[in-house]
> 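Structure provided below as structure tokens; questions to follow.
The shown structure was predicted, so the numbers you read here are calculated from the model rather than taken from an experiment.
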Number of protein chains: 2
Amino acid sequence: MENLTIGKLARQVDLGVETLRYYERRGLIEPQSRTDSGYRLYSEDARERLQFIRRAQVLGFSLDEVAELLSLSDRPEQSAAEVKRLTRAKIADIETRILDLERMKSALSALEEQCPGHAGTTAECPILSALNQQAPEPVNGDIA
Amino acid sequence: MENLTIGKLARQVDLGVETLRYYERRGLIEPQSRTDSGYRLYSEDARERLQFIRRAQVLGFSLDEVAELLSLSDRPEQSAAEVKRLTRAKIADIETRILDLERMKSALSALEEQCPGHAGTTAECPILSALNQQAPEPVNGDIA
DNA sequence: ATAAACCCTGTAGTCGACTACAGGGTCAAG
DNA sequence: CTTGACCCTGTAGTCGACTACAGGGTTTAT
């Protein structure tokens with residue numbers, strides 16, 4: 001159950017061998033050792049680490065952020081404040097993206113409802129008209 | 001007010017000259033004509049078209065999709081059904097992305113609330129613990 | 001007439017997270 | 001002792017939407 005070569009590890013965590021080497025370049029994982037011929041050898045811990053990476057990615061963290069989380073995790077004595085800060089920042093980031101998408105969605109939904117579909121031509125389509133019209137941006141008296 | 005060179009047009013719509021040439025390569029716009037020396041000359045319509053592009057992008061359409069919308073818009077006799085279909089698909093797409101983000105956000109929020117921050121160490125941080133633990137994925141009896 | 005500002009084509013770089021070679025060396029099975 | 005599966009490094013390609021040159025030619029203002 002030890003001395004995992006990169007291929008075995010990759011199969012176990014369902015990632016490509018190339019991906020593992022890529023993560024290494026990115027500073028996310030390192031093999032425990034190498035054989036004389038240069039083959040990477042991983043310990044069981046590597047599997048945990050890779051699952052950590054995957055879970056963090058699923059939660060929306062970029063690989064750079066995952067690297068940061070991992071390095072914090074590697075120093076168990078340190079304050080959790082930084083982890084909390086990263087998490088808060090990611091939440092804020094996600095909230096912004098949700099709001100943007102909500103805005104797009106409601107704009108599109110409003111247009112979609114008015115579109116005649118098969119019952120009309122593109123010339124009458126309010127979606128295309130909206131895209132052709134000036135967006136009403138009448139705020140600020142535009143002095144200067 | 002006519003015979004816009006690429007630079008003038010770019011300034012008017014606040015895009016880079018390179019971007020306009022890029023849009024041309026992507027099949028989104030074409031100059032009305034060229035000078036003998038090969039300079040692109042645009043009509044006023046180009047401005048509308050570029051604003052169309054921008055508005056469609058803001059609504060979440062990719063340049064490929066914008067190209068499709070433009071070509072539909074260029075055939076005013078055709079049924080609006082295709083425009084409606086594209087719009088619906090985009091709405092569905094956005095909804096999926098919102099749901100993904102909502103899921104991330106609630107997972108992160110739950111963890112963030114439990115994190116002690118300055119009051120604790122990374123070893124006690126539930127965010128890192130969660131990333132280190134197996135995700136509870138106990139659905140399906142895993143036969144086969 | 002000359003310099004600045006503009007235009008052209010064509011190619012390459014950016015970001016993020018991979019993925020795919022090319023051109024080798026190594027190891028286990030038959 | 002050879003075949004095939006594995007491993008190595010290093011480089012380049014992918015996607016989308018630009019952005020930035022390099023190495024020219026043209027137009028405009030002085």
> With the side chain counted from C-beta on, respond yes when A:Val58 and B:Met104 share a heavy-atom pair under 4.5 Å apart, and no when they do not.
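SC-SC contact between A:Val58 and B:Met104 ruled out.
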> Could you state the atom-to-atom distance from OH of A:Tyr42 to P of D:dC6 in whole Å?
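These atoms are roughly 16 Å apart.
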> Quick check: do A:Ser79 and B:Thr122 have side-chain heavy atoms less than 4.5 Å from each other?
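No, their side chains stay 4.5 Å or more apart.
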> If you assign B:Leu63 and A:Val17 each to the DNA chain D nucleotide with the nearest heavy atom, which residue ends up on the more 5' nucleotide?
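Residue closer to the 5' terminus by nearest nucleotide: A:Val17.
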> Between C:dT26, C:dC8, D:dC8, which nucleotide has the shortest distance from any of its atoms to the side chain of B:Ile6?
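Ranking C:dT26, C:dC8, D:dC8 by closest atom to the B:Ile6 side chain puts C:dC8 first.
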> Atom CG of A:Leu9 to atom P of D:dC8: distance rounded to whole Å?
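It works out to 11 Å between those atoms.
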> Among C:dT9, C:dC27, D:dC18, which nucleotide has an atom closest to any side-chain atom of B:Thr19?
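Among C:dT9, C:dC27, D:dC18, the one nearest the side chain of B:Thr19 is D:dC18.
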> Is B:Arg25 touching bases, backbone alone, or none of the nucleic acid, heavy atoms closer than 4.0 Å?
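Touches a base.
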> What nucleotide, of D:dG10, D:dC18, D:dA17, holds the atom closest to the side chain of A:Glu18?
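Ranking D:dG10, D:dC18, D:dA17 by closest atom to the A:Glu18 side chain puts D:dG10 first.
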> Does a side-chain N or O of B:Ser37 approach OP1 or OP2 of D:dT27 to a distance below 4.0 Å, or not?
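Yes, because at least one side-chain N or O of B:Ser37 sits under 4.0 Å from OP1 or OP2 of D:dT27.
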> Provide, to the nearest angstrom, the distance between the CZ atom belonging to B:Arg26 and the C1' atom belonging to D:dT19.
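Interatomic distance, CZ of B:Arg26 to C1' of D:dT19: 15 Å.
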> Carefully, step by step, assess B:Lys90 and B:Glu68 under the rule salt bridge (Lys or Arg N to Asp or Glu O under 4.0 Å).
CA-CA 13 Å; B:Lys90 185 53 58 184; B:Glu68 221 175 325; over 6 Å; no
> OP1 or OP2 of D:dC7 less than 4.0 angstrom from a side-chain nitrogen or oxygen of A:Arg40, does that happen here?
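So the side chain of A:Arg40 is outside the cut-off, no N or O lying under 4.0 Å from OP1 or OP2 of D:dC7.
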> For A:Thr35, report the nucleic acid contact type (base, sugar-phosphate, nothing); a contact means any heavy atom under 4.0 Å.
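Nothing, no heavy atom under 4.0 Å.
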> Categorize B:Gly38 for me: base, sugar-phosphate, or nothing, with a 4.0 angstrom heavy-atom threshold over every strand shown.
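Sugar-phosphate, no base atom in range.
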> Would you state whether a donor and an acceptor, one from the side chain of A:Tyr22 and one from the base of C:dG16, lie under 3.5 Å apart?
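Absent.
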> Given salt bridge (Lys or Arg N to Asp or Glu O under 4.0 Å), test A:Arg103 with A:Asp100 step by step and report yes or no.
CA-CA 5 Å; A:Arg103 260 183 253 113; A:Asp100 283 351; 2.9 Å; yes
> With a 4.5 Å cut-off on side-chain heavy atoms, are B:Asn3 and B:Tyr42 touching?
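Sidechains of B:Asn3 and B:Tyr42: no contact.
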> In terms of the nearest nucleotide of DNA chain C, which residue is placed more toward the 5' end: B:Arg34 or A:Asp36?
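On the 5' side of the pair lies B:Arg34.
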> Does D:dC7 have OP1 or OP2 under 4.0 Å away from a side-chain N or O of A:Thr5?
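It does, given that an N or O in the side chain of A:Thr5 lies less than 4.0 Å from OP1 or OP2 of D:dC7.
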> To the nearest angstrom, how far is A:Asp64 atom CG from C:dC18 atom P?
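Taking atom P of C:dC18 as the reference, CG of A:Asp64 is at 12 Å.
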> Provide, to the nearest angstrom, the distance between the CG atom belonging to A:Asn3 and the P atom belonging to D:dC7.
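It works out to 13 Å between those atoms.
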> Quickly work out the B:Leu15 CG to D:dA20 P distance and round it to whole Å.
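It works out to 14 Å between those atoms.
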> Nearest to the side chain of B:Tyr39, heavy atoms from C-beta on, is which of D:dG25, D:dA17, D:dC7?
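Nearest to the side chain of B:Tyr39 among the choices is D:dG25.
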> For the pair made of CG in B:Leu20 and P in C:dC8, what is the distance, rounded to whole Å?
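Value for this atom pair: 10 Å.
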> With sugar-phosphate meaning primed atoms plus P, OP1 and OP2, does B:Arg21 contact a base, only sugar-phosphate, or nothing at under 4.0 Å between heavy atoms?
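B:Arg21: base contact, heavy atoms under 4.0 Å.
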> Output the rounded distance in Å from CG (B:Leu41) to P (C:dC8).
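Atom CG in B:Leu41 sits about 9 Å away from atom P in C:dC8.
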> When you compare the side chain of B:Leu50 with that of B:Leu9, does any pair of heavy atoms fall below 4.5 Å?
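Result yes, sub-4.5 Å side-chain heavy-atom pair found.
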